[in-house]
Student: 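Before we start, here is the structure in question, set down as structure tokens.
In this text the structure is predicted, and so the values were computed from the model without any measurement. Start at 1 and go down the list; that is how both ligands and their atoms are numbered.
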Amino acid sequence: MVYLKFTTLLSLLAAVSAAPASELETRAVPKDTAFGFLALRSASPIHYQSLNASGGKIWLGKKTSTYCPLPAKQCPKGKDTSFWINNQGGTAGMNTVVPGGQQVYIGPTGELSYTQAHSAFIPAGSTQTGFKVTERNSIIFLENCNNSFLACPVDKKSKTSGPWQVFVDVKGKLKDKDVPTKCKKDCLGFTPAGGPVKDAVWQYA
Ligand SMILES: *[C@@H]1O[C@H](CO)[C@@H](O)[C@H](O)[C@H]1NC(C)=O
Ligand SMILES: *[C@@H]1O[C@H](CO)[C@@H](O)[C@H](O)[C@H]1NC(C)=O
């Protein structure tokens, strides 16, 4: 398994984005690894922004927030946000070592979310399945059913500069009132693409 740095991933992605879809080779997804993802949406401010975990939600243009209760030397080495995807069950989890793990789910109003450490609480009306990864030309693509990933600015100002909160519009049911600016049209659709990430974090905070 070759683990990529985010910078290497960027150049790979640039090459793949430029290639016609028909030239992309579909292969088996590597097993036993977590993946990190960047947003693909050319000619937009979210292009190549990394999907980062903070405060139980996933963001573009926001720093990853982690916590480790151990002395620094005993903490896992991970710094980036990465996910385990179970293609069979369609479920996803955060790449953490905290006992109990951190489950990924789509909240009742579409927010891509993860459970708090030491808690299995998931709000009623959430969706925990539909996640899938595929590999094309060494790039891992994250999908959820209709590939309806949206980056929604947190306010009118953040439309061009971020941060953007990641939503998944599972059945096209996301409403204006569900997104931070109360206008779904402010959100940008994107494709999450990435590669293997080796190091876990203790927990995402
Ligand atoms: C998001 O995480 C990536 C990878 O760890 C990092 O390079 C990037 O700076 C982070 N984004 C922000 C806005 O901090
Ligand atoms: C895909 O989108 C269509 C139209 O928006 C919707 O009717 C359908 O339920 C969606 N499928 C899934 C699996 O989300």
Side-chain angles (χ1 to χ4, degrees), residues 1-17 30 33-70 72-73 75-85 92-98 101-104 106 111-117 131 133 135 138-142 144 149-168 179-181 186-205:
M1 177 68 53
V2 179
Y3 291 100
L4 301 173
K5 281 198 147 55
F6 266 79
T7 42
T8 317
L9 200 55
L10 280 174
S11 48
L12 258 179
L13 282 171
V16 166
S17 316
T33 179
F35 300 109
F37 298 100
L38 304 174
L40 297 188
R41 170 79 191 238
S42 54
S44 86
I46 63 167
H47 201 40
Y48 295 155
Q49 296 259 6
S50 122
L51 275 74
N52 292 358
S54 177
K57 311 283 184 229
I58 305 297
W59 310 82
L60 305 178
K62 200 174 214 177
K63 250 181 104 170
T64 294
S65 170
T66 64
Y67 172 74
C68 177
L70 308 176
K73 274 190 183 156
C75 287
K77 281 185 278 176
K79 295 210 166 20
D80 303 325
T81 297
S82 56
F83 306 84
W84 285 92
I85 311 294
M94 304 305 292
N95 187 18
T96 58
V97 298
V98 64
Q102 290 181 285
Q103 178 80 34
V104 172
I106 301 161
E111 313 96 319
L112 186 57
S113 311
Y114 54 93
T115 55
Q116 277 182 31
F131 294 101
V133 279
E135 175 175 338
S138 306
I139 304 289
I140 303 295
F141 291 88
L142 174 65
N144 189 284
F149 285 87
L150 296 177
C152 300
V154 297
D155 53 31
K156 294 276 174 194
K157 260 201 323 231
S158 82
K159 267 185 172 180
T160 48
S161 54
W164 297 265
Q165 187 178 350
V166 175
F167 284 75
V168 187
V179 304
T181 59
D186 288 341
C187 305
L188 292 168
F190 70 90
T191 302
V197 169
K198 183 174 162 205
D199 291 313
V201 305
W202 179 272
Q203 74 189 53
Y204 291 101

Student: What atoms in ligand 1 come closer than 4.0 Å to a heavy atom of Gly61?
Tutor: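 In order of number, 13 (C).
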Student: I'd like to know if Asp199 pairs up with Lys79 as an ion pair, taking the criterion as any Lys NZ or Arg NE/NH1/NH2 lying under 4.0 Å from an Asp or Glu carboxylate oxygen.
Tutor: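 No salt bridge links Asp199 with Lys79.
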Student: Could you tell me whether the side chain of Ser82 and the main chain of Asn95 form a donor-acceptor pair under 3.5 Å?
Tutor: no
Student: Run the numbers for me: atoms of ligand 1, each under 4.0 Å from some heavy atom of Asn52, listed by number.
Tutor: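 The list of qualifying atoms is 1 (C), 2 (O), 3 (C), 8 (C), 10 (C), 11 (N), 12 (C).
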Student: Quick one: do the Asn52 and Ser50 side chains pair a donor with an acceptor below 3.5 Å?
Tutor: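 Yes, Ser50 and Asn52 have a side-chain donor paired with an acceptor closer than 3.5 Å.
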Student: Look at the side chain of Trp84 and the backbone N and O of Thr33, then say whether any donor-acceptor pair between them is shorter than 3.5 Å.
Tutor: no
Student: Residue-level breakdown please: for Asp80 versus ligand 1, do any non-hydrogen atoms fall below 4.0 Å on the side chain, on the backbone, on both, or on neither?
Tutor: both
Student: For Gln49 and ligand 1, does the shortest N/O to N/O distance drop below 3.5 Å?
Tutor: no
Student: Kindly assign one of parallel, tilted or perpendicular to the pair Tyr114 and Tyr204, based on the angle between their ring planes and the thresholds 30° and 60°.
Tutor: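 The rings of Tyr114 and Tyr204 stand perpendicular, inter-plane angle above 60°.
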Student: Taking only heavy atoms of Lys62, which atoms of ligand 1 are found under 4.0 Å from at least one of them?
Tutor: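 In order of number, 1 (C), 11 (N), 12 (C), 13 (C), 14 (O).
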